[in-house]
Q: 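Before I ask anything, let me first share the structure, which is written out below as structure tokens.
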Protein chains: 2
Amino acid sequence: MSGTERPGWVDSREPVVASVTGLARELADPVRLTALQLLSAEGPHTLTQLADALGVSAPRLGNHLARLRSAGLVAVEHHGRHAVYQVAAPGIADVLTALARYARADLAAGPVRPATADDLAHTCYDHTAGLLGVAIFAALTERGALLPPDGRDSALALGGDPSLFGELGVDVGAVEPGRRKLATACLDRTHRLPHLGGVLGKAVLDALVARDLVRPREGARTLTLTPRGTRELPALVPGFTPPSGPGRVDSA
Amino acid sequence: MSGTERPGWVDSREPVVASVTGLARELADPVRLTALQLLSAEGPHTLTQLADALGVSAPRLGNHLARLRSAGLVAVEHHGRHAVYQVAAPGIADVLTALARYARADLAAGPVRPATADDLAHTCYDHTAGLLGVAIFAALTERGALLPPDGRDSALALGGDPSLFGELGVDVGAVEPGRRKLATACLDRTHRLPHLGGVLGKAVLDALVARDLVRPREGARTLTLTPRGTRELPALVPGFTPPSGPGRVDSA
DNA sequence: TCCATCTTTCACCAACTCATGAAAGGTGGT
DNA sequence: ACCACCTTTCATGAGTTGGTGAAAGATGGA
């Protein structure tokens, strides 16, 4: 449908083009990308918290954060001698999610099948991570059981429709937050998408184990899918499709 | 910039990180971004078609397309002396959509409110463009009335649920494609999101005019929202919210 | 006050990106 | 065969980006 050709299609001064390419440039570096993913999923962090988490030096991270700041993507608030960073552009989360999903499809189409058993499902402290954990989180937010993280608070708010929690075997009202937070988002290290943590995350994992859908392996973090889990989880958690065959996947 | 990163969060060899940052790098240039947007929305193009449309020289575009090709984002097929390019990674459309939506929110939050009357709604040949056209297209695909473009065919396929067409006042069965295609995606120049073209696009515009929701201005491409349109269109087209009043907009 | 800690800035150097223009493959029509 | 056209490659040079380490602001506690 390209009819009349005016110059201006490709013009870095065009606002939308400038906005998109500017954002893409910021996301094109591993440090900046990971920092934004962590801030977006898990809420505000101090510079050293972030530097520790990412395993980079403080000056290196500081330079990148300064860039992100002048791009308007993060904001800093000084509390005493600590600099607390948080995302400043709320819409960034959708972009990060779209990119992470693209990467999953991209790698799945590639030569190496990355889905080891450990990648399929494992525990992160006491909650579910891996592809299963990520799929559960996505289903919860899409079904309105959970509000997606807003990058400003490390605690997650519940949505208006907790029915999916019920289908998973969790009675939300019965889950008591003790010292721990009720629900948090925890960025999956490999998939770069959030999974559910906190007391509610533990409750979901307990329910899955109680229903014999997954089974923890002794002394390891890997969760194995039971035959029943392989059969029932894809229907229970839209978007979760174990890659061909039962829980056993031979790794290197 | 690379090399000595410890196995950890920030490692450009980590597959997901490499995939995302690699994609972001490709999207960080106006020529590559626009080429991908055009190919993704409107289907395959020849190199010179693209170069004409974008207003750049053939060698310049060729270099960028070579990059996109080795990044696996586009594929080329040689037909005689023509090189036909098309997108090779289907998931790219979702990323481009997310980025364009981010840009809209980003610019709306900025100092200058870009929503002129012309930007709100105007005609593109004989169909609806501007914010209204883009919102109609998004609503049609999300409601299942239209399948989103797949980057391989310039013609769009209809979805399984044409009810939104009915609500817009269009009887899909009565629309006869003559020489023109029934439905095409046409990339909006400013918003970088598709709107509906083809005979069906004309039918939608005609229906909106017949219902006195919008009114074409004599001798201009600008469409003005009627009071009725201002009242009824937001309910009819989810996602379309005229920025508080027909013409003038004051900053928040 | 001094000291430890957290944060930011700076300059240098290596590596990368991109536009340009010329020239070299290919292909089809005459 | 020739010519016109479409496409690709190449080298150059200007500009940008990113890691590093040292050093300079800030802040709070002793």
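The sequence lines fix the lettering, A, B, ..., with proteins before strands; numbering per chain opens at 1. Side-chain atoms are counted along with the backbone in the values below, which use heavy atoms only and exclude waters and symmetry mates. Predicted model only: the values in this text are computed from it and were never measured.
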Q: Does anything in residues 73-81 of chain B come within less than 4.0 Å of DNA chain C? Heavy atoms only, and list the residues if so.
A: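 Those residues whose heavy atoms fall under 4.0 Å from DNA chain C, taken from residues 73-81 of chain B in numerical order, are B:Gly80, B:Arg81.
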
Q: Can you find a side chain N or O atom of B:Thr48 that sits less than 4.0 Å from OP1 or OP2 on D:dT7?
A: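 Answer is yes, contact under 4.0 Å.
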
Q: Among D:dT7, C:dT7, D:dA22, find the nucleotide with the atom closest to the side chain of B:Leu47.
A: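 For B:Leu47, the side-chain atoms sit closest to D:dT7.
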
Q: Specify the separation, in whole Å, of atom CG of B:Leu65 and atom C1' of D:dC6.
A: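 B:Leu65 atom CG is separated from D:dC6 atom C1' by 14 Å.
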
Q: How long is the line joining CZ of A:Arg25 and C1' of C:dC18, in whole Å?
A: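 So the two atoms are 11 Å apart, to the nearest Å.
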
Q: Just the rounded figure in Å: distance from P of C:dT5 to CD of A:Gln49.
A: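 Rounding to the nearest Å, CD of A:Gln49 and P of C:dT5 are 17 Å apart.
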
Q: Tell me: CZ of B:Arg60 to C1' of C:dC18, nearest whole Å?
A: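 Distance check: B:Arg60 CZ to C:dC18 C1' gives 8 Å.
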
Q: The criterion is salt bridge (Lys or Arg N to Asp or Glu O under 4.0 Å); which residues satisfy it with B:Asp150, sequence neighbours excluded?
A: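 B:Arg152.
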
Q: On a heavy-atom basis, which atom in B:Ala185 and which in B:Ala41 lie closest, and how many Å separate them?
A: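 Residues B:Ala185 and B:Ala41, closest heavy atoms: CB-O, 3.2 Å.
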
Q: What's B:Thr46 touching, base or sugar-phosphate or nothing? Going by heavy atoms closer than 4.0 Å.
A: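 B:Thr46: backbone/sugar contact only, no base atoms under 4.0 Å.
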
Q: I'd like to know if the side chain of A:His45 reaches the main chain of A:Gly43, judged simply by a donor and an acceptor atom lying under 3.5 Å from each other, with no hydrogens or angles considered.
A: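 Judged by distance alone, yes, a pair lies under 3.5 Å.
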
Q: Need to verify one output field. Residue with the more 5' nearest nucleotide on DNA chain D, B:Tyr85 or A:Asn63?
A: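 Per heavy-atom nearest nucleotide, the more 5' residue is B:Tyr85.
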
Q: Could you give the CG-to-P distance, from A:Leu50 to C:dT8, as a whole number of Å?
A: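 So the CG-P distance, A:Leu50 to C:dT8, works out to 11 Å.
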
Q: Looking only at non-hydrogen atoms, find the nearest pair between A:Leu61 and A:Ala35 and report the distance.
A: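 Where A:Leu61 meets A:Ala35 most closely, the heavy atoms are CD1-CB, 4.5 Å.
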
Q: Measuring to OP1 and OP2 of C:dC18, would you say a side-chain N or O of B:Arg32 lies under 4.0 angstrom away?
A: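 So the side chain of B:Arg32 is within the cut-off, an N or O lying under 4.0 Å from OP1 or OP2 of C:dC18.
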
Q: Check this one for me: any side-chain N or O of A:His64 less than 4.0 Å away from OP1 or OP2 of D:dG19?
A: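 Answer is yes, contact under 4.0 Å.
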
Q: Counting only side-chain N and O atoms of B:Arg67, is one of them less than 4.0 Å from OP1 or OP2 of C:dC18?
A: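 Affirmative; the distance criterion is met.
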
Q: Using distance alone, with no hydrogens and no angle criterion, decide if A:Arg192 and A:Thr34 have a side-chain donor and acceptor under 3.5 Å apart.
A: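 Side-chain D/A pair, A:Arg192 to A:Thr34: present.
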
Q: Any salt bridge between A:Asp126 and A:Arg180, counting N to O under 4.0 Å?
A: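 Answer for the salt bridge query: yes.
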
Q: To the nearest Å, give me how far apart NE2 (A:His82) and C1' (C:dA4) are.
A: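 Going from A:His82 (NE2) to C:dA4 (C1'), I get 12 Å.
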
Q: Measure the distance from CG on A:Asp29 to P on D:dT16 and round it to the nearest whole Å.
A: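 Between P of D:dT16 and CG of A:Asp29: 18 Å.
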
Q: Taking atom types as modelled, is there a side-chain donor on A:Ser19 or B:Arg104 under 3.5 Å from an acceptor on the other?
A: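 No donor-acceptor contact under 3.5 Å links the two side chains.
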
Q: Write down the distance between CG (A:Leu61) and P (C:dC6), rounded to a whole number of angstrom.
A: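 From A:Leu61 CG to C:dC6 P: 14 Å.
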
